[in-house]
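Report on one structure; see the data block that follows.
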2 protein chains.
Amino acid sequence: MTAPVTDRAQATAPEAAVDVAALERVVLGRWGDLRRATRDLITDPRFHKVDGLSLTEHRERVLDQLRLLVAEGEVLRAFPTELGGADDHGGSLARFEELVAADPSLQIKSGVQWGLFASALLHLGTQDHHHRLLPGAMSLEVPGAFAMTETGHGSDVASIATTATYDPATEEFVLHTPFRAAWKDYLGNAALHGHAAVVFAQLVTPADGGPVNHGVHAFYVPIRDPRTGGFLPGVGGDDDGLKGGLNGIDNGRLHFDHVRVPRRDLLNRYGDVAADGSYSSPIASPGRRFFTMLSTLVQGRVSLDGAAVNASKLALIIAVTYANQRRQFTAASDTDEVVLLDRQEHQRRLLPRLAQTYAQAFAHERLLATFDDVFSGRADTDEDRQDLETIAAALKSASTWHALDTLQAAREACGGAGYLTENRLTSLRADLDVYVTFEGDNTVLLQLVAKRLLADVAKELANVDAGTMARLVAERAADVALHRTPLTRVVQTLADGGDARRSVGQLRSTEAQRELLTDRVETMVTELAGALRPAGKASRSEAAELLNAHQHQMVDAARAHADLLQWEAFTAGLAKVEDAGTRRVLTWLRDLFGLTLIEQNLAWYLIHGRLSAGRARVVAPYVDRLLERLRPHAQDLVDAFGYGPEHVRAAIASGAEAARQDEARAHARAERASGSAPRPEPKPQRR
Amino acid sequence: MTAPVTDRAQATAPEAAVDVAALERVVLGRWGDLRRATRDLITDPRFHKVDGLSLTEHRERVLDQLRLLVAEGEVLRAFPTELGGADDHGGSLARFEELVAADPSLQIKSGVQWGLFASALLHLGTQDHHHRLLPGAMSLEVPGAFAMTETGHGSDVASIATTATYDPATEEFVLHTPFRAAWKDYLGNAALHGHAAVVFAQLVTPADGGPVNHGVHAFYVPIRDPRTGGFLPGVGGDDDGLKGGLNGIDNGRLHFDHVRVPRRDLLNRYGDVAADGSYSSPIASPGRRFFTMLSTLVQGRVSLDGAAVNASKLALIIAVTYANQRRQFTAASDTDEVVLLDRQEHQRRLLPRLAQTYAQAFAHERLLATFDDVFSGRADTDEDRQDLETIAAALKSASTWHALDTLQAAREACGGAGYLTENRLTSLRADLDVYVTFEGDNTVLLQLVAKRLLADVAKELANVDAGTMARLVAERAADVALHRTPLTRVVQTLADGGDARRSVGQLRSTEAQRELLTDRVETMVTELAGALRPAGKASRSEAAELLNAHQHQMVDAARAHADLLQWEAFTAGLAKVEDAGTRRVLTWLRDLFGLTLIEQNLAWYLIHGRLSAGRARVVAPYVDRLLERLRPHAQDLVDAFGYGPEHVRAAIASGAEAARQDEARAHARAERASGSAPRPEPKPQRR
């Protein structure tokens, strides 16, 4: 008799065991040495968040930390070698992402100074700006704000209302805020510390037939007198005050009353104004120009993705370590309680999130490599940049939401102890909260992703308005319907009936998971394109209505795409694991991630005939089986994140709980041994 | 030709329109006058949370607020008339629940003082305690802690390790903490303000053959010298320090080193010790006695349910009001932007949560009535108390998780503005966070609910250990399998194929929703009972393992039950709405709630053959249709919660956003009228 394939495979499989040190090297990835250097740096308590500080104290502390970073932290890696940097874009972000373990405020305020303010000078400015303005920004001599967002427009940057109108008579721009909604808002360094700002405004030039708006451009604008700390003439502002977290950053508002900006302070890489007021740009299309300028900001999203994944890792280290020590509720015997992680529901809460965190760590590593390729110029076509934008948008959305979800699950898994600030989970969650809406609101980002996916169906969709986009989609929709991606054999087989055992075997295969996840994205996008088809013949407002009626579907399709990106990255990451026992455990973890995704979208697979009811039924039991298999390796898997106690800094994950439990059990043993333990009350006699 | 039934119904349906004042009366319910009185009281700014206070300042402020409540707030309604109360249990909770709008710390610290500390004296003590100890607790002359939870055991109260050993020689109990894990922990009033505590400990009496443990009992214990504020001899403790929220409450730890408690200070309603050390109790079974004592604490869960629903209401008022004013991204025309609430995805985020909040408000009203029946003695059998416990556990879990989810969705829907503390959402969320794990961890509570549901299959399961329970379940499982609840005609029809139009019509009917939701609970419980059947012949440890392997299913079944409770309450609530137009809108909202539940569990309905793929496919589009219908009424529906600006206190929901938007639009209009608006850059010429 021939054993079933799956059993045979297991018989020859290596023993599942994690080589923690080796896995840690894989997880730390290409920039592992730089990551370790930053982790070493932030063992210094001066970098650690101190909860309970007043707003003023926390802001000052984080500014001081930035100064420490300048002194010791190699903050300049991303800048040109000629200015003292290292032209190392990927490595620079890898370092900044690690700062989240010290204090997320430190990470974000560093991001404001070097990732936004100085980086805008570098990427939107030209030689003169680099030599004249960048050194002060790099050295923190000039703390700066990045004044893009306005109260009235949030993530809709194209619609900002601040204007910079060129005056040929004096060769100056007149920077002006026309109404309250056009105030710049939520800007780090604006409330207190910023001496200058990169201000985004609609660039207006005079012309025959009336002024012309060339769209959003960036300007370097001094805002405060460094000696007095007071606003310069024409500049005003406001303090955003307390926030839900990140209170080490002085977010605030700025507004401008006809402030005159010299012509040379236009950051003119992508658009310039000559002395006479004539406008020129290397990019003819205003739409493409706008997106090119904004695309230099993608590093914000990339580093938020990395930082969010790091926050999830910290949450899981805390919760898994505690759950491996904490005993509660008796089960198998009267005298010994079960550790929390032996509980199925506890495993269900933590292990799928651990699987997704690994997937996101691998996905982030890929994203960072893509980012490095683009920013180093090694692969810097328009399409490369668009790919980078799309992947960054998809992954940033996924990882920042996942971090909040994981921090909360970890907090609840630690019960009341999880709510104490000393155990860090609530503090991290409060800080990370805003990651899901800043540097692009996640829901807005997912719509960009969806548009890009649709653009793979109908080209050139990305930068056009709603009506045009709908029409373009429609033109291609009929085509696509004819050439509908054929279902592969594997998926067909899964849709058939079959016994549970074979079903599980098939769901476990890498190919089956890939087919199911890929097919879902393709089908959703195709359906969407088909549904948007009537927009082609519709009026602009009808087309907008049609798009709006499918907004939820668009967001769903983009999420499915982000799921697939993570799963593919995890799968590719398995190949980097050389130790066979480790790879076996990690493959289970990847399967858990894949199966959890399929479980979450099971209704879709059933409705679309991709899974039979019989096969769908085995998904949950198989997830349970994976949880059982992974449970003994959970501690190794979080240890491989490579953080030390100075990074985790949670009292409940310090071994204190194990010591308490040991003391309690020793007490019980001693009582039993001495015979002094009280007997339970005798059972009541029945009458 | 005969029009389809659904069309005919619509033709004669009243115009959908909300009578806000009338709906507000319905939502405020039976204790509406008391709720309004408390809402009036807390318009006083002295009751409002001030964010950014130091730990010390916030704690002092909330203690002062408690004193104000004593002076003005009728905090004594739940206490006996003879002691100055009103014997009004439901009304008393209704009032306390409303305090969450002022400051959740105020609500919870009041709950500690009157709902736990004083209430334990009332319900676990007898005449002597009522006259000797209750007045000080009621008047706040004696601030008190409720010392039940221990560091080592959290929600597992039966396993606490503090002992109270009777010494007949002096007629005293010796209260003792044997090890660190047995410290009392997370107790409000313990770190600073408490002068006394109700301490739970294992009551041990001497007897022939060695000491006997009679299980957990409560003792009144002075802990601090009121003059010096220092601990009394033998008492020690610790400050829990900063928490993720609720920092107006001085949570802390307590431990006891052979502290002597006079015999009369045992709260002896359910268990007494005579001078000679002999133990007596009106309840023979130690298990039943334990659960009876704990059941007096159910009011904590009931009031958390009410407060959580109120927090969800506040979140939705803020987010819906803002979304109705905020304009962002152009759509239908170049000059006008769409308000956020016109966006489908925004509706998807807010309106189903609004529907569930209504469901929970109606469910809470029923729960409070049940609570009042039991505590007034009108319906106070063991079964009544068990029903109350089960419903409270199910609803408290559902509403506290829903509040966190809703506060977060509201915060994200308000973008960066939602993150500012002045807009309250992050502050409320931080405070409400711990509601999901205190007064019974939600996951633990759901397992209690599941055990009760299984007990309806196999009686007497509630209070027994794992092995016995599994056996009892097993005995009944075979029976149940034979008498499996037959699917009704409606559900059968839904499982068949059919065209989309009929499908929608059927899903919309109250009966179809009821059948689908009810059938799911019944089937899940039956399946669970069947799966646990082998435990009957298993060893204790095997039985425990089997139970653990189905823990996730148990939690799922309990959630399904909680969903059904909410849906039934909403449906019953519709009958209280007299105005036909209002009822029509509210029926859509109930349908949205029902359909959202079905959508969330669609895979289950498909796998179990309760819905055909064709019918399942129409659920999402029908949800979308309901969103469209409800959208014009969203503001009315949140206005009907009946809160004023002094309760909402969020800058973005104050009308400021509308004023900003109006100013911006007026500016654009003026520019267009004057011809001074810059033209867009001309399109680049093609070469």
Side-chain angles (χ1 to χ4, degrees), chain A residues 51-52 55 152 154 156 178-181 186 204 210-214 240-244 284-286 328-329 331-332 343-345 348 412 415-416 419-422 426 434 436-437 441 443 466 541 544 548-549 551-552 555 602-603 606-607 613 616-617 660 663-664 667 678-681 684, chain B residues 51-52 55 152 154 156 178-181 186 204 210-214 240-244 284-286 328-329 331-332 343-345 348 412 415-416 419-422 426 434 436-437 441 443 466 541 544 548-549 551-552 555 602-603 606-607 613 616-617 660 663-664 667 678-681 684:
Chain A
D51 284 287
L55 191 65
D156 183 10
F179 42 77
R180 173 62 186 81
Y186 316 117
V204 178
V212 174
N213 182 351
H214 298 281
D240 277 326
L242 266 185
K243 305 185 296 292
S285 153
Q328 203 166 333
F329 289 103
R343 302 270 169 195
Q344 186 191 48
E345 184 64 11
R348 268 262 175 190
E412 293 180 25
Y419 197 56
L420 301 186
T421 305
E422 66 174 28
T426 54
V434 78
V436 303
T437 53
D441 178 282
T443 304
S541 73
N548 191 42
Q551 198 179 26
H552 185 63
V555 170
L602 210 47
L606 284 158
I607 288 177
R617 206 185 275 267
R660 279 196 294 267
E663 185 198 1
H667 176 88
R679 292 169 291 141
E681 189 180 299
Chain B
D51 284 287
L55 192 65
D156 182 10
F179 43 78
R180 173 62 187 82
Y186 315 117
V204 178
V212 174
N213 182 350
H214 298 280
D240 277 325
L242 266 184
K243 304 186 298 291
S285 152
Q328 203 166 335
F329 290 102
R343 302 269 169 196
Q344 187 193 45
E345 184 65 12
R348 267 262 176 189
E412 294 181 25
Y419 197 55
L420 302 187
T421 306
E422 66 174 28
T426 54
V434 78
V436 303
T437 54
D441 177 282
T443 304
S541 73
N548 191 42
Q551 198 180 24
H552 185 63
V555 170
L602 209 47
L606 284 158
I607 289 177
R617 205 185 275 270
R660 279 195 294 267
E663 185 198 1
H667 176 87
R679 291 170 291 140
E681 190 179 297

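The chains referred to below are lettered A, B, ... by the order of the sequence lines, with proteins before strands, and numbering in each begins at 1.
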Identify which of B:Val204, B:Val434, B:Leu606, B:Asn213 forms the greatest number of heavy-atom pairs closer than 4.5 Å to chain A. B:Val434
Contact leader toward chain A among B:Arg348, B:Glu663, B:Arg180, where contacts are heavy-atom pairs under 4.5 Å: B:Arg348
Look at the side chain of A:Glu345 and the backbone N and O of B:Val555, then say whether any donor-acceptor pair between them is shorter than 3.5 Å. no
Among B:Gly416, B:Ser285, B:Gly241, residue most engaged with chain A (heavy-atom pairs, under 4.5 Å): B:Gly416
Quick check on the interface: out of A:Leu55, A:Thr437, A:Thr443, who has the most heavy-atom pairs with chain B under 4.5 Å? A:Thr437
Counting only non-hydrogen atoms closer than 4.5 Å, does B:Asn548 touch chain A with its backbone (N, CA, C, O), its side chain (CB onward), both, or neither? both
Knowing that exactly one of B:Leu420, B:Thr426, B:Thr421 qualifies, which makes a side chain to side chain contact (heavy atoms under 4.5 Å, CB included) with A:Leu242? B:Thr421
Taking A:Gly210's backbone N and O only, do any of them form a donor-acceptor pair with B:Arg679's side chain (distance below 3.5 Å, no angle check)? yes
Under a 4.5 Å heavy-atom cut-off, does chain B meet the side chain of A:Tyr186, its backbone, both or neither? side chain
Distance-minimising heavy-atom pair for B:Ala664 and A:Ala181: CB-CB, 4.4 Å
Closest heavy-atom contact between A:Pro286 and B:Glu681? CG-OE2, 3.6 Å
Residue selection (most heavy-atom pairs with chain A, distance under 4.5 Å) from B:Arg617, B:Lys243, B:Glu422: B:Lys243
Option in B:Arg660, B:His552, B:His667 with maximal non-hydrogen atom pairs under 4.5 Å from chain A: B:His552
Of all of A:Ala549, A:Gly244, A:Ala613, which one pairs up most often with chain B through heavy atoms under 4.5 Å apart? A:Gly244
Where does B:Ile607 contact chain A at under 4.5 Å (heavy atoms): side chain, backbone, both or neither? both
Checking heavy atoms, do the side chain of A:Val212, its backbone, both or neither come under 4.5 Å from chain B? both
